[in-house]
Engineer: 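Quick one: the structure is below, and I'll ask about it shortly.
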Amino acid sequence: MIKKIFEYYKIPLLISIFLSITVLALTLEKNALNISLIIAGALLGSFFLDLDYLLYAFFLEPKADFSITLAGHLKNKEYRSALAYIHYHKNDIGDKTLNSALFQVVLAGASLLVVSSSSSYLVKLLVLSAFVNSLYRLAEHYYEGNTGLWFWALKVKPDKRATIYYSAALVAILILSLALI
């Protein structure tokens with residue numbers, strides 16, 4: 001099962017590992033507990049955006065076919081099948097709550113707020129990792145040519161140039177967040 005999870009989450013996990021190494025290099029942390037909290041928070045952030053499918057299945061549209069099938073897999077404790085089902089049917093859900101530009105703006109603000117506070121490294125890296133992985137998912141949508149799914153909450157979908165400016169602003173917020181950590 002771990003091999004299957006790594007297959008689906010290879011890029012997000014690599015991004016989170018790179019983020020944890022970056023934060024360790026920036027903070028020069030020597031405490032073993034804090035190092036483990038940094039790594040754990042970054043790895044947990046890799047999976048945070050996939051909570052969107054559970055939100056959809058159990059709270060937003062529990063009567064939809066996707067929701068019924070996913071709930072059945074989880075009820076029978078077929079976690080590998082549930083993960084595979086989510087992976088292969090991730091584009092069946094149109095309006096995703098956590099995988100959207102609206103939530104990405106919230107994550108950007110939360111990352112600035114959390115890294116400048118006295119929160120634990122677990123919380124800081126969880127939020128930063130979720131933010132970085134949302135940037136990756138935005139890039140996926142951009143290169144697949146379906147940024148309309150990412151900007152579903154807006155009346156007018158941004159063109160390619162506006163999406164690039166939006167992405168550049170988010171990268172600037174990420175750099176500022178890393179500088180504040």
Side-chain angles (χ1 to χ4, degrees), residues 8-56 59-60 90 93-144 146-181:
Y8 295 144
Y9 293 102
K10 182 177 9 178
I11 301 297
L13 285 171
L14 289 173
I15 290 170
S16 295
I17 290 169
F18 180 74
L19 178 67
S20 63
I21 291 170
T22 303
V23 169
L24 287 170
L26 289 172
T27 59
L28 299 172
E29 188 60 50
K30 295 177 183 162
N31 186 349
L33 178 63
N34 287 340
I35 292 171
S36 62
L37 289 175
I38 288 171
I39 294 170
L43 292 177
L44 286 174
S46 301
F47 304 105
F48 184 78
L49 295 176
D50 285 338
L51 292 176
D52 204 3
Y53 302 106
L54 297 177
L55 284 172
Y56 182 84
F59 298 110
L60 300 177
K90 63 183 175 185
I93 301 172
D95 300 342
K96 297 177 186 156
T97 307
L98 303 180
N99 291 291
S100 67
L102 184 64
F103 188 70
Q104 194 171 39
V105 170
V106 170
L107 272 175
S111 68
L112 286 172
L113 180 69
V114 168
V115 298
S116 62
S117 71
S118 61
S119 299
S120 73
Y121 279 121
L122 180 73
V123 175
K124 288 180 182 182
L125 267 292
L126 176 73
V127 172
L128 274 177
S129 180
F131 181 52
V132 171
N133 279 296
S134 74
L135 288 173
Y136 168 70
R137 297 225 177 144
L138 171 61
E140 275 185 332
H141 280 79
Y142 179 78
Y143 287 115
E144 291 172 357
N146 58 1
T147 54
L149 292 175
W150 192 261
F151 295 100
W152 64 267
L154 302 177
K155 281 186 180 180
V156 178
K157 307 299 185 241
D159 60 353
K160 287 187 175 190
R161 173 175 255 149
T163 304
I164 290 172
Y165 289 147
Y166 172 76
S167 300
L170 292 175
V171 169
I173 291 172
L174 174 64
I175 292 170
L176 180 61
S177 296
L178 289 171
L180 290 173
I181 203 161

Engineer: What is the minimum heavy-atom distance between Leu13 and Leu43, and which atoms define it?
Structural biologist: CD2-CD2, 3.8 Å

Engineer: Counting C-beta onward and ignoring hydrogens, is there a side-chain heavy-atom pair between Leu154 and Leu102 closer than 4.5 Å?
Structural biologist: no

Engineer: Under the side-chain hydrogen bond (donor to acceptor under 3.5 Å, both in side chains) rule, collect the residues that match up with Tyr56, sequence neighbours excluded.
Structural biologist: none

Engineer: Could you state the interatomic distance from CZ (Arg137) to CG (Asp50), rounded to the nearest 0.5 Å?
Structural biologist: 4.5 Å

Engineer: Drop me the distance from Lys157's NZ to Thr163's OG1, to the nearest 0.5 angstrom.
Structural biologist: 11.0 Å

Engineer: Before giving the answer on side-chain contact (heavy atoms from CB on, under 4.5 Å), spell out for Ile35 and Ile38 the whole-Å C-alpha distance, their side-chain angles and the decisive distance to 0.1 Å.
Structural biologist: CA-CA 5 Å; Ile35 292 171; Ile38 288 171; 5.5 Å; no

Engineer: Say you draw a straight line from CZ of Phe18 to OG of Ser20; how long is it, rounded to the nearest 0.5 Å?
Structural biologist: 10.0 Å

Engineer: What verdict does the side-chain contact (heavy atoms from CB on, under 4.5 Å) test give for Thr27 and Tyr121, after you've listed the backbone C-alpha separation in whole Å, the side-chain angles of each residue and the deciding distance to 0.1 Å?
Structural biologist: CA-CA 11 Å; Thr27 59; Tyr121 279 121; 3.9 Å; yes

Engineer: For a 4.5 angstrom cut-off between non-hydrogen side-chain atoms, does Phe103 reach Ser134?
Structural biologist: no

Engineer: What distance separates Ile39 CD1 from Ile21 CD1, expressed to the nearest 0.5 Å?
Structural biologist: 8.0 Å

Engineer: Measuring from atom CG of Leu113 to atom NZ of Lys124, what distance do you get when rounded to the nearest 0.5 angstrom?
Structural biologist: 11.0 Å

Engineer: Can you name the closest pair of heavy atoms from Val127 and Ala110 and give their distance?
Structural biologist: CG1-C, 3.9 Å

Engineer: If you take all heavy atoms of Ser167 and Leu138, which pair is closest and at what distance?
Structural biologist: OG-CD2, 3.4 Å

Engineer: Is a donor on one side and an acceptor on the other found under 3.5 Å between the side chain of Ser129 and the backbone of Leu126?
Structural biologist: no

Engineer: Classify the ring geometry of His141 against Trp150: parallel below 30°, tilted from 30° to 60°, perpendicular beyond 60°.
Structural biologist: tilted

Engineer: Yes or no on side-chain contact (heavy atoms from CB on, under 4.5 Å) for Leu125 and Leu37, after CA distance, side-chain angles and deciding distance?
Structural biologist: CA-CA 8 Å; Leu125 267 292; Leu37 289 175; over 6 Å; no

Engineer: Shortest non-hydrogen contact from Ala101 to Tyr166?
Structural biologist: O-OH, 3.3 Å

Engineer: Would you say Ser16's side chain and Ala42's backbone share a donor-acceptor pair under 3.5 angstrom?
Structural biologist: yes

Engineer: Is there a side-chain contact between Trp152 and Asn99 in this structure, where contact means two heavy atoms from C-beta onward sitting under 4.5 Å apart?
Structural biologist: no

Engineer: Only pairs under 3.5 Å count here: list side-chain donor-acceptor contacts from residues 171-181, not counting sequence neighbours, and write none if there are none.
Structural biologist:
residue	atom	partner	partner atom	Å
Ser177	OG	Ser111	OG	3.3
Ser177	OG	Ile173	O	2.9

Engineer: Would you give the length of the straight line joining atom OG1 of Thr22 to atom CD1 of Ile17, rounded to the nearest 0.5 angstrom?
Structural biologist: 11.5 Å

Engineer: May I ask you to decide if Phe47's main-chain N or O and Asn133's side chain share a donor-acceptor pair within less than 3.5 Å?
Structural biologist: no

Engineer: Using side-chain contact (heavy atoms from CB on, under 4.5 Å), reason through Leu33 and Ser36 one step at a time and then give a plain yes or no.
Structural biologist: CA-CA 5 Å; Leu33 178 63; Ser36 62; 4.1 Å; yes

